[in-house]
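Read through the structure below, which is laid out as C-alpha cells, and then see the notes.
Worth knowing before you read on, the calculation uses all heavy atoms, side chains too, and leaves out hydrogens, waters and symmetry mates. Numbered from 1 within each chain, the chains take letters A, B, ... in sequence-line order.
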2 protein chains.
Amino acid sequence: MTTTINGTRIAQRIRSQVAEEVATAARSGRIPGLATILVGDDPASAVYVAAKRRAIKEAGMRDFHRFLPQHATQDDVAAVVDELAADPQVSGILLQLPLPPQLDADALIDRIPVTKDVDGLTTASAGLLARGERGLRPCTPSGVIELLDAEKVPLKGARVAVVGWGELVGKPLTHLLLRRGATVTVAHEFTTDLAAVTRLADIVVVATGVRGLIGPEHVRPGAVVIDVGIHRTPSGLSGDVRSAELDGIADRITPVPGGVGPMTIAMLMVNTLRAAQWGAEREAVVA
Amino acid sequence: MTTTINGTRIAQRIRSQVAEEVATAARSGRIPGLATILVGDDPASAVYVAAKRRAIKEAGMRDFHRFLPQHATQDDVAAVVDELAADPQVSGILLQLPLPPQLDADALIDRIPVTKDVDGLTTASAGLLARGERGLRPCTPSGVIELLDAEKVPLKGARVAVVGWGELVGKPLTHLLLRRGATVTVAHEFTTDLAAVTRLADIVVVATGVRGLIGPEHVRPGAVVIDVGIHRTPSGLSGDVRSAELDGIADRITPVPGGVGPMTIAMLMVNTLRAAQWGAEREAVVA
C-alpha cells in the first residue's frame with residue numbers, strides 16, 4: 001500500500017502556527033509584512049503572487065505589493081527594491097520570477113538585503129546556507145524538509161537521491177539534507193543510469209522539470225518519493241513522477257497538486273515571520 | 001598496476017605557468033601581491049605561511065606579510081585585514097587558520113573583500129560558488145579538480161564519492177564536481193555502510209581527517225582515489241587512505257605527501273593571479 005502524503009494538510013498546520021505567532025507579535029505592535037513585486041504581464045506569475053498575498057493576509061501579516069509594467073527598466077525595479085529594503089515595516093521582499101527579458105534578475109535579487117530575503121535566492125543567502133550560518137532558506141527545499149519531518153521520515157543516515165541540481169531546489173536541498181545527516185547523491189541530466197542511482201535511495205526527491213521522468217524502474221520498494229515537479233497539462237497538473245505507476249512500490253509519495261506546492265507557500269509565511277524577528281533583533285542591537 | 005599520481009610535478013607545472021603570466025603582467029607594471037596574516041605562535045601555521053610566502057616570491061609576486069602576537073584582539077586583526085583590503089598593491093589576503101581561541105575566525109574571514117579572498121573561505125565566496133558565479137574558489141578542492149584534469153580523468157557523467165562534508169574541501173568540491181557534470185554522492189560520519197557507497201564510485205575523494213579510514217574494502221577495482229587527508233605520524237606523513245593496501249586495486253591514487261598538498265599551494269598562486277586580474281578589471285570599471 002502506497003500512502004499519499006497530504007501536503008495541503010501539513011501546510012495548513014504550519015500556516016495556522018504562523019498565524020498564532022503573528023497574533024502574538026501583533027499584540028506588541030510588531031506585525032510582519034511581506035512586499036511582493038510583480039513586473040509585467042505573465043499570467044502565471046500574477047496567479048502565484050495573488051496566492052502569496054492571500055496567504056499573507058490570512059496569516060494576519062501586512063501585504064505590501066508593487067506592480068511594475070512589462071517595459072520597466074533595471075533602474076525602475078532597483079529603485080522599488082531599494083525603497084522596500086529601507087522600509088522598516090517591510091519584513092520580507094519577494095521579487096516574483098521570471099522577469100521580463102530586458103531585466104538582469106540576478107542583479108535585482110542581490111539587491112534584497114539578506115535579512116529580508118524570504119525567497120532565500122540572493123548570493124548572500126546561498127553563502128549563509130553553504131556555511132551553515134543563520135539565514136533564510138529557499139521555500140521549496142525547506143518545505144520538502146518540513147514535509148519529511150511531518151511524516152517522521154528519518155533523515156540522519158538515510159540515503160537520499162536528489163534528482164536535479166537547480167538553484168531553486170536541488171542545490172539548497174542538498175545542503176539542508178546533509179546538515180541533517182543524510183547521505184546524499186545528486187543526479188542530473190549528465191547522470192548515466194539514473195535508475196541505478198535512485199534505486200539505492202531510501203528517499204527520492206525529484207526536481208527536474210521533466211514531466212513523468214521517474215517511474216517504477218527508478219524506485220526501490222518501500223522508498224519515500226517527493227515530487228517537486230509541476231506541469232500544466234490538458235488533463236490538469238502533473239509532476240516529474242509517474243505516481244500511479246508507483247502504487248504498491250513506494251511507501252509514501254507526494255501528489256501533484258497537493259504535495260510540495262502548498263508547502264512552498266507555507267514556508268514563505270514562515271520565512272516572513274522569521275525575517276520580521278531577525279529584523280527586530282538587528283534593530284534592537286543597533287538601537 | 002596502481003599508478004601513483006605525481007601531484008608535485010603537476011603543481012610545479014601550474015606554478016611555472018603562473019610565473020610566466022606574472023612576468024607578462026609585470027612588464028605592464030602590474031605585479032600581483034599576496035598578503036599573509038599570521039596570528040600567534042602555532043608552529044605548524046608558521047611553517048605553512050613560510051611555504052606560501054616562498055612560493056609567492058618564486059612566482060615573481062609581491063609578498064606582504066603581517067604577524068600579530070598570540071594575544072592579539074579581534075579589533076587588532078580586523079584593523080590589519082581592513083588596511084590590506086584597502087591597499088591596491090595587495091591582490092589577495094590570506095588569514096592563516098587556526099586563530100588563537102579569543103578570536104572569531106568567521107567574522108575576520110568575512111571582512112576580506114570577495115575580490116581578494118584567495119582562500120575562497122568567505123561567506124560571500126561560498127555564495128558565488130553555490131550560485132556558479134565568478135569568484136575565487138577554495139584552493140584544495142580546486143587543486144583536486146586540476147589534478148583530475150591533469151590526469152585526464154573524465155568528470156562528466158562520472159560517479160564520484162566525496163567522503164567528508166567540511167567547509168574547506170567537501171562542500172566546495174561537491175559544487176565544483178557537479179558543475180563539471182559528475183554524479184556526486186556525499187558521505188560523512190553519519191553515513192551507514194560507507195564501503196557500499198564508495199564502492200560504487202569511479203572516483204573517491206577522501207577528506208575526513210580520519211587517518212587510514214579508507215582501505216581496499218571501500219574501493220572498486222579501477223577507481224581513482226584522491227586522498228586529501230594529512231596526518232603527522234612518528235614515521236612521517238600519512239593520509240586518510242591506506243594507500244599500500246590499495247595497490248593493484250585502484251587504477252590511480254594520490255600519495256601523501258606529494259599528492260593534493262602541493263596542489264593547494266599551486267592553486268593559491270593561481271588565485272592570487274586571478275585576484276589581481278579581477279581587481280584590475282574592477283579598477284578599470286570604476287576609473
- The salt bridge (Lys or Arg N to Asp or Glu O under 4.0 Å) partners of A/Glu151 (sequence neighbours excluded) come to A/Arg252
Short question: side chain of [X], backbone of [Y] - any donor-acceptor pair under 3.5 Å?
X: A/Asp251; Y: A/Val224; value: no
X: B/Lys116; Y: B/Leu84; value: yes
X: B/His188; Y: A/Ala182; value: yes
X: A/Gln74; Y: A/Asp104; value: yes

- Heavy-atom contacts under 4.5 Å, residues 125-141 of chain B to chain A: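 Answer by number: B/Ala126, B/Gly127, B/Leu128, B/Ala130, B/Arg131, B/Gly132, B/Glu133.
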- Of all heavy-atom pairs between B/Ala201 and B/Val160, which one has the smallest distance, and what is that distance? CB-C, 4.2 Å
- Query: Looking only at heavy atoms, what is the nearest atom pair of B/Val228 and B/Ala207, with distance?
  - Reply: CB-CB, 3.8 Å
- Query: By a 4.5 Å heavy-atom criterion (distance strictly below it), what part of B/Ala158 contacts chain A: side chain, backbone, both, or neither?
  - Reply: neither
- Task: Among the options A/Thr191, A/Thr192, A/Leu200, A/Asp193, pick out the one with the most heavy-atom pairs lying under 4.5 Å from chain B.
- Result: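 Highest number of pairs under 4.5 Å: A/Thr191.
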